[in-house]
K.L.:
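Questions regarding the structure given below will be posed in turn.
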Amino acid sequence: MEKEMVIVLDFGGQYNQLIARRVRECNVYCEVHPYNISLEKIRQMQPKGIIFTGGPNSVYGEGAAVCGKEIFELGIPILGICYGSQLMAYLLGGKVATAPVSEYGRTEVEVNTNSALFKGVSEMTVCWMSHTDYIEKAPEEFQVTAHTPVCPVAGMECPEKGLYAVQFHPEVMHTVEGMTMLRNFVMDICGCNGDWKMDSFVETTIRAIQEKVGTGKVLCALSGGVDSSVAAVLLAKAVGKQLTCVFVDHGLLRKNEGDEVEAVFGPEGPYELNFIRVNAQERFYGKLAGVTEPEQKRKIIGEEFIRVFEEEAKKIGAVDFLVQGTIYPDVIESGLGKSATIKSHHNVGGLPDYVDFKEIIEPLRMLFKDEVRKAGLELGIPEHLVFRQPFPGPGLGIRIIGEVTEEKVHMVQEADYIYREEIAKAGIDKKLGQYFAALTNMRSVGVMGDERTYDYAIALRAVCTSDFMTADCAEIPWEVLSKVANRIVNEVKGVNRVLYDCTSKPPGTIEFE
């Protein structure tokens with residue numbers, strides 16, 4: 001059975017992946033595609049609905065991201081969001097102009113609850129606005145369905161053609177009834193059944209892998225993190241002993257992590273995997289010597305990973321496929337669509353130009369983090385592994401600001417270990433999406449034992465999130481933070497100050513670099 005699909009057309013907005021995530025919460029499969037995708041490609045995908053994202057430009061400005069008007073004649077329901085709503089108005093004869101008053105943040109919006117899009121929504125509802133342009137006049141065939149005191153067309157629709165638009169962002173949590181609106185669009189207006197479940201994803205993916213691989217040999221880049229672990233078990237179920245898992249200890253792992261990964265996936269572990277551990281600490285330290293720029297560090301680590309895998313593949317002989325645990329946020333944040341590059345991920349944007357494998361298989365490429373966890377549980381992976389703290393492929397290399405040295409790695413390993421230990425003791429680890437210690441490149445004066453010190457500052461990070469696309473700073477109890485700080489300063493040589501990062505995502509990222 002072909003799965004139902006809604007597609008998101010990316011006009012450069014920062015929330016494009018979040019829109020897709022919200023659609024999937026309706027149990028409807030969703031993908032993000034560039035705004036200039038061909039109409040023929042859209043027809044081939046047969047989506048039940050299309051969503052236009054926001055974007056940074058003016059629809060009437062030079063270099064604006066604009067699709068053809070023909071898309072509105074496909075007979076597929078379309079929802080325009082923010083820039084997407086302005087584009088719909090602009091292309092169909094409405095007027096878009098610079099707003100006399102820009103709107104940013106939480107805004108009270110009055111909506112027409114007779115609209116199918118606003119069914120079950122309060123007449124006065126709080127929405128998240130972020131715009132300097134606005135729709136001054138809706139196209140002739142459209143009815144205005146929402147407004148604010150300074151935005152005359154905060155919502156509009158032409159139900160006969162299945163066209164809907166909102167000036168605000170229903171996908172963000174700050175739009176209180178945003179999920180109701182998106183669900184109305186996906187389920188009622190697009191007519192989706194909501195039958196996309198994780199068990200069907202696992203079953204379909206295993207079949208697709210078997211067809212692709214055939215009798216070929218597969219090498220899996222196993223880091224021991226959630227994503228690569230789920231990918232490894234998925235491949236093991238698909239191709240069995242044709243799979244070899246290579247775990248590269250690049251010297252940038254958390255304390256004791258190399259041994260822990262080997263204990264789970266090695267010969268004594270519960271999985272019958274061909275497992276190879278490569279200790280390449282000095283090799284990576286050498287490549288990173290003197291490098292301080294974050295993107296350069298990521299790309300160096302990414303390329304070196306690939307080179308190690310290639311070398312191991314040659315030892316195994318005639319390996320056709322490389323498997324990676326790439327997930328959807330990696331793809332989006334690496335700027336491979338029309339969005340800005342936020343950061344290169346070592347297994348996406350960090351890949352070198354030439355990779356000596358027939359093909360790279362990324363079975364989790366279209367999943368968000370919480371969906372990867374669901375897939376892991378469906379595969380029978382124990383909960384303590386599935387809900388393990390996320391850890392980036394470049395490891396501590398991007399949790400050390402500035403140059404990476406063995407001494408700095410040791411500092412952040414010890415500080416992070418203390419932090420994680422105290423968080424677990426306090427019983428709040430399950431409530432946090434991610435938490436870790438990072439080493440800043442700031443040194444400051446301190447006093448220890450009546451002597452002056454001039455040492456580094458550790459920054460602690462903890463966030464609450466479900467999808468890792470947006471995140472709020474976690475409010476860690478002061479007594480826990482105080483104990484962590486005291487232990488780090490006293491137990492970690494070279495550190496005399498501890499800071500706590502209170503930044504949300506956006507504007508920050510979860511990781512430091």
K.L.:
What pair of heavy atoms forms the shortest contact from Cys30 to Val8, and how long is it?
P.N.:
SG-CG2, 3.5 Å
K.L.:
Kindly check if the number of other-residue, nucleotide or ligand heavy atoms within 6.0 Å of NZ (Lys493) is above 12?
P.N.:
no
K.L.:
Between the main-chain N or O of Ala289 and the side-chain N or O of Glu403, is there a donor-acceptor pair closer than 3.5 Å?
P.N.:
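Not a single qualifying donor-acceptor pair exists.
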K.L.:
Working to the nearest 0.5 Å, report the span between CD1 of Ile209 and CG of Leu235.
P.N.:
4.5 Å
K.L.:
Check for a donor-acceptor pair, side chain of Gln210 on one end and backbone N or O of Ala238 on the other, with a separation under 3.5 Å.
P.N.:
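Checking the backbone N and O of Ala238 against the side chain of Gln210, a donor-acceptor pair under 3.5 Å is found.
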K.L.:
OH/Tyr417 to CZ/Arg254 distance, rounded to the nearest 0.5 angstrom?
P.N.:
12.5 Å
K.L.:
Is the shortest distance from a Lys or Arg side-chain nitrogen in Lys315 or Glu311 to a carboxylate oxygen in the other one below 4.0 Å?
P.N.:
no
K.L.:
Donor-acceptor pair, Gln413 side chain versus Asn256 backbone, under 3.5 Å?
P.N.:
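Checking the backbone N and O of Asn256 against the side chain of Gln413, no donor-acceptor pair under 3.5 Å is found.
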K.L.:
What heavy-atom pair brings Glu421 and Arg487 nearest, and what distance separates the two atoms?
P.N.:
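In this case the closest contact between Glu421 and Arg487 is OE1-NH1, 2.8 Å.
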K.L.:
For the residue pair Val386 and Gly376, what are the closest heavy atoms and their distance?
P.N.:
CG2-C, 3.9 Å
K.L.:
For the side chain of Thr175 and the backbone of Glu177, is there at least one donor-acceptor N/O pair under 3.5 Å apart?
P.N.:
no
K.L.:
Is it true that the NZ or CZ of Arg24 lies under 6.0 Å from the centre of Phe368's six-membered ring and within 45 degrees of the ring axis?
P.N.:
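The answer is no, since Arg24 fails at least one limit relative to Phe368.
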K.L.:
For Glu407, look at atom CD and say whether over 12 heavy atoms of other residues, nucleotides or ligands are found less than 6.0 Å away.
P.N.:
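Atom CD in Glu407 is not packed in, count stays at 12 or less.
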K.L.:
Counting only heavy atoms not in Lys431 (residues, nucleotides, ligands), do more than 12 fall under 6.0 Å from its NZ?
P.N.:
no
K.L.:
Are Met45 and Ile37 packed together at the side-chain level, in the sense that at least one heavy-atom pair is separated by less than 4.5 angstrom?
P.N.:
yes
K.L.:
For the backbone of Val412 and the side chain of Asp416, can you confirm whether one donor and one acceptor N or O come within less than 3.5 Å of each other?
P.N.:
no
K.L.:
Please report the interatomic distance CZ(Arg22) to CG(Leu182), rounded to the nearest 0.5 Å.
P.N.:
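Going from CZ on Arg22 over to CG on Leu182, the span is 8.5 Å.
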K.L.:
With no hydrogens and no angle check, is any side-chain donor or acceptor of Tyr285 less than 3.5 Å from a backbone partner on Gly251?
P.N.:
yes
K.L.:
Hey, are the side chains of Phe284 and Val248 touching, using non-hydrogen atoms and a 4.5 Å cut-off?
P.N.:
yes
K.L.:
Within this structure, what is the CD1-CG distance for the pair Ile458 and Leu439, rounded to the nearest 0.5 Å?
P.N.:
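Rounded to the nearest 0.5 Å, the CD1-CG separation comes out at 4.5 Å.
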K.L.:
Would you say Arg373 and Phe387 make side-chain contact, with heavy atoms under 4.5 Å?
P.N.:
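Yes. Closest side-chain heavy atoms under 4.5 Å.
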K.L.:
Could you walk me through whether Asp429 and Arg420 pass the salt bridge (Lys or Arg N to Asp or Glu O under 4.0 Å) check?
P.N.:
CA-CA 8 Å; Asp429 51 322; Arg420 289 187 290 122; over 6 Å; no
K.L.:
Taking side chain as C-beta onward, heavy atoms only, is Ile423 less than 4.5 Å from Leu432?
P.N.:
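Yes, close enough: below the 4.5 Å cut-off.
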K.L.:
Side chain to side chain contact (heavy atoms under 4.5 Å, CB included) between Met5 and Gln46: does it pass, once the steps are laid out?
P.N.:
CA-CA 8 Å; Met5 179 191 295; Gln46 297 182 317; over 6 Å; no
K.L.:
When you look at Arg283 and Val308, which way does the side chain to side chain contact (heavy atoms under 4.5 Å, CB included) test go after all the steps?
P.N.:
CA-CA 10 Å; Arg283 177 173 177 168; Val308 173; 3.6 Å; yes
K.L.:
Should Trp196 and Val28 count as side-chain neighbours, where that means a heavy-atom distance under 4.5 Å?
P.N.:
no
K.L.:
Applying the side-chain contact (heavy atoms from CB on, under 4.5 Å) test to Ser504, which of Ile510, Asp472, Thr465 qualifies?
P.N.:
Asp472
K.L.:
Using side-chain heavy atoms (C-beta onward) and a distance below 4.5 Å, is Arg443 in contact with Asp455?
P.N.:
yes
K.L.:
Would you say Glu4's side chain and Asn193's backbone share a donor-acceptor pair under 3.5 angstrom?
P.N.:
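Yes.
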K.L.:
Determine whether a donor-acceptor pair (N or O, by modelled atom type, separation under 3.5 Å) exists between the side chain of Arg461 and the backbone of Thr503.
P.N.:
yes
K.L.:
So that I know where these two stand, are Phe52 and Tyr35 an aromatic pair - ring centroids less than 6.0 Å apart?
P.N.:
no
K.L.:
When you look at Glu359 and Lys212, which way does the salt bridge (Lys or Arg N to Asp or Glu O under 4.0 Å) test go after all the steps?
P.N.:
CA-CA 10 Å; Glu359 192 172 343; Lys212 179 186 289 288; 2.7 Å; yes
K.L.:
Hey, what do you get for CG (Asp259) to CD (Glu257), rounding to the nearest 0.5 Å?
P.N.:
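Interatomic distance, Asp259 CG to Glu257 CD, rounded to 0.5 Å: 10.5 Å.
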K.L.:
For Phe391 and Leu252, which heavy atoms make the closest approach, and how far apart are they?
P.N.:
CZ-O, 3.4 Å
K.L.:
Within the structure provided, determine whether Pro394 and Lys297 are in side-chain contact (heavy-atom separation under 4.5 Å).
P.N.:
no
K.L.:
Inspect the surroundings of NE2 in His33 and state if more than 12 heavy atoms from other residues, nucleotides or ligands are less than 6.0 Å away.
P.N.:
yes
K.L.:
With distance as the sole test, does Thr53 use its side chain to make a donor-acceptor pair with the main-chain N or O of Phe11 at under 3.5 Å?
P.N.:
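Yes, the answer is positive, given that a donor and an acceptor are paired below the 3.5 Å cut-off.
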K.L.:
When you measure from the side chain of Lys287 to the backbone N and O of Ile300, does any donor-acceptor pair fall under 3.5 Å?
P.N.:
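Answer holds: no.
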K.L.:
In terms of side-chain geometry, is the basic nitrogen of Glu304 or Arg307 positioned less than 4.0 Å from the acidic oxygen of its partner?
P.N.:
no
K.L.:
Under the salt bridge (Lys or Arg N to Asp or Glu O under 4.0 Å) rule, what do Glu479 and Lys483 come out as? Steps first, then yes or no, please.
P.N.:
CA-CA 6 Å; Glu479 59 269 22; Lys483 188 172 183 179; over 6 Å; no
K.L.:
Parallel, tilted or perpendicular for Phe512 and Phe436, by the 30°/60° rule?
P.N.:
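Phe512 vs Phe436 ring planes: perpendicular.
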K.L.:
Using salt bridge (Lys or Arg N to Asp or Glu O under 4.0 Å), reason through Glu371 and Lys374 one step at a time and then give a plain yes or no.
P.N.:
CA-CA 5 Å; Glu371 295 174 320; Lys374 289 177 185 175; over 6 Å; no
K.L.:
Does a side-chain heavy-atom distance below 4.5 Å link Ile316 with Asn274?
P.N.:
no
K.L.:
Could you check whether Glu511 and Gln434, counting side-chain N and O atoms only, form a donor-acceptor pair closer than 3.5 Å?
P.N.:
yes
K.L.:
Would Ser444 and Asn496 satisfy side chain to side chain contact (heavy atoms under 4.5 Å, CB included), going step by step from the backbone distance to the final call?
P.N.:
CA-CA 8 Å; Ser444 63; Asn496 68 354; 3.7 Å; yes
K.L.:
Report the C-alpha separation of Leu460 and Ile488 in whole Å, then their side-chain angles, then the decisive distance to 0.1 Å, and conclude whether the side chain to side chain contact (heavy atoms under 4.5 Å, CB included) test is met.
P.N.:
CA-CA 11 Å; Leu460 304 177; Ile488 288 174; 4.0 Å; yes
K.L.:
Measure across Cys245 and Leu222 and return the closest heavy-atom pair with its distance rounded to 0.1 Å.
P.N.:
CB-CD2, 4.0 Å
K.L.:
Once rounded to the nearest 0.5 Å, what's the spacing between atom CD of Glu422 and atom CD1 of Ile428?
P.N.:
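That separation rounds to 10.0 Å.
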K.L.:
Give the minimum heavy-atom separation between Leu243 and Ala236, together with the two atoms involved.
P.N.:
CD2-N, 3.6 Å
